[in-house]
Number of protein chains: 2
Amino acid sequence: MGLSMVFKALGDDTRREILRLLARGDMTAGEIARAFSLSRPTISHHLNILKEAGLVADEKRGQFVVYSLNTTVFQDVTGWVFEMLSSLTGRDRHKGREELDNGK
Amino acid sequence: MGLSMVFKALGDDTRREILRLLARGDMTAGEIARAFSLSRPTISHHLNILKEAGLVADEKRGQFVVYSLNTTVFQDVTGWVFEMLSSLTGRDRHKGREELDNGK
DNA sequence: CGGACATTTCGAATGATATCAAATTAAGCT
DNA sequence: AGCTTAATTTGATATCATTCGAAATGTCCG
């Protein structure tokens with residue numbers, strides 16, 4: 001479960017919209033599919049990608065499959081961004097020719 | 001400048017590593033390319049994707065091109081994640097058969 | 001001007017992704 | 001058992017991504 005998979009999963013409008021729906025409450029695969037003008041196999045495929053990225057969990061309830069948001073991976077994302085931004089303290093600007101010449 | 005482009009740009013190990021390098025200080029395209037075992041055209045391509053996503057800026061300095069991190073787009077990412085997580089307050093769990101039957 | 005260097009653009013090969021229709025599995029219902 | 005509904009898997013196709021070598025662009029310097 002690398003970060004690449006997570007970001008790839010998030011790099012699609014449909015999948016981010018699915019996550020937005022799931023943030024409001026759990027839904028079955030059919031309910032999710034009905035919210036889009038895409039075929040059910042396509043939505044199933046997107047759900048699988050979100051699942052493999054660890055962004056959602058699925059639970060079988062009778063003939064339905066209920067999908068829910070998994071919030072822990074979101075923290076990995078913000079963690080990566082914060083780690084990135086924390087490296088920014090006291091960093092160099094690249095020196096230009098004049099700056100190099102007079103040792104500024 | 002959509003979020004999809006940003007997440008797609010982040011969904012690649014090489015590109016995230018480039019960002020990590022730039023977080024420590026600005027670098028020329030050649031310096032960046034030397035840090036990887038990939039051809040210069042390939043690195044140039046990755047830099048272009050990062051640039052189109054708004055994650056880096058480039059500035060021509062003589063025959064060099066200096067790349068730098070653009071931090072504002074990172075805030076868009078954390079903003080999206082926080083907005084997502086803020087929808088989580090008081091959301092429903094999907095009701096199962098028993099819960100539906102006895103009106104729990 | 002002409003050569004050396006830095007970087008990008010072009011063309012092509014290979015691999016990944018999105019999408020749908022049709023087939024498949026699984027559960028509920030009469 | 002047979003039929004319907006829910007969801008996924010499979011197969012096909014079209015589009016997009018990654019990568020490289022070769023060529024092109026632009027800049028510096030003697």
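Chain letters run A, B, ... following the sequence lines, proteins first, then strands; residues in each count from 1. Worth knowing before you read on, the calculation uses all heavy atoms, side chains too, and leaves out hydrogens, waters and symmetry mates.
The listed nucleotides are dT8(C), dT19(D), dC20(C); the one nearest the side chain of Leu38(A) is dC20(C). Across dT9(C), dT5(D), dT27(D), the shortest atom-to-atom separation from the side chain of Gln63(A) is found for dT5(D). Each of dT8(D), dT7(C), dT19(C) was ranked by its minimum atom distance to the side chain of Thr28(B); first place goes to dT7(C). Distance from the side chain of Ile49(A) is smallest to dA18(C) among dT7(C), dC20(D), dA18(C). Among the nucleotides dA22(C), dA18(C), dT9(C), the one closest to any side-chain atom of Pro41(B) is dT9(C). Of the candidates dT19(D), dT8(C), dT27(D), the closest approach to any side-chain atom of Lys60(B) belongs to dT27(D).
Computed from coordinates, the Arg15(B) CZ to dT19(D) C1' distance equals 12 Å when rounded to whole Å. Protein atom CZ of Phe64(B) is 11 Å distant from nucleotide atom P of dC5(C), rounded to whole Å. Following rounding to the nearest Å, Glu31(A) (CD) and dA6(D) (C1') show an atom-to-atom distance of 12 Å. Between Asn48(B) atom CG and dA6(C) atom C1' the separation is 16 Å, expressed in whole Å. Residue Lys8(B) contributes atom NZ, which lies 15 Å from atom P of dT15(D) at whole-angstrom precision. The CZ atom of Arg61(A) sits 15 Å away from the C1' atom of dA27(C) (whole-angstrom rounding). Atom NE2 of His46(B) and atom P of dT18(D) are 6 Å apart (whole Å). Rounded to whole Å, the distance from CG on Asp13(B) to C1' on dA17(D) is 15 Å.
For dA6(D), the OP1/OP2 oxygens have no side-chain nitrogen or oxygen of Tyr67(A) closer than 4.0 Å. Within the structure, every side-chain polar atom (N or O) of Thr42(A) is placed at least 4.0 Å from both OP1 and OP2 of dA18(C).
For Arg34(B) and Glu31(B), the salt-bridge test fails: no basic side-chain N is under 4.0 Å from an acidic carboxylate O.
Positionally, the nearest nucleotide of DNA chain C for Val65(B) lies more toward the 5' end than for the other of Ile43(A) and Val65(B).
Remark: the backbone N or O of His46(B) is not paired with any side-chain donor or acceptor of Arg15(B) at under 3.5 angstrom. In this structure a side-chain-to-backbone donor-acceptor pair under 3.5 Å is missing from Ser44(B) to Pro41(B). In terms of modelled atom types and a separation under 3.5 Å, the side chain of Asn70(A) and the main chain of Gly54(A) share a donor-acceptor contact. One N or O on the side chain of Arg16(A) and one on the backbone of Leu10(A) form a donor-acceptor pair closer than 3.5 Å.
Counting any heavy atom pair closer than 4.0 Å across all strands shown, Phe36(B) reaches no nucleic acid atom.
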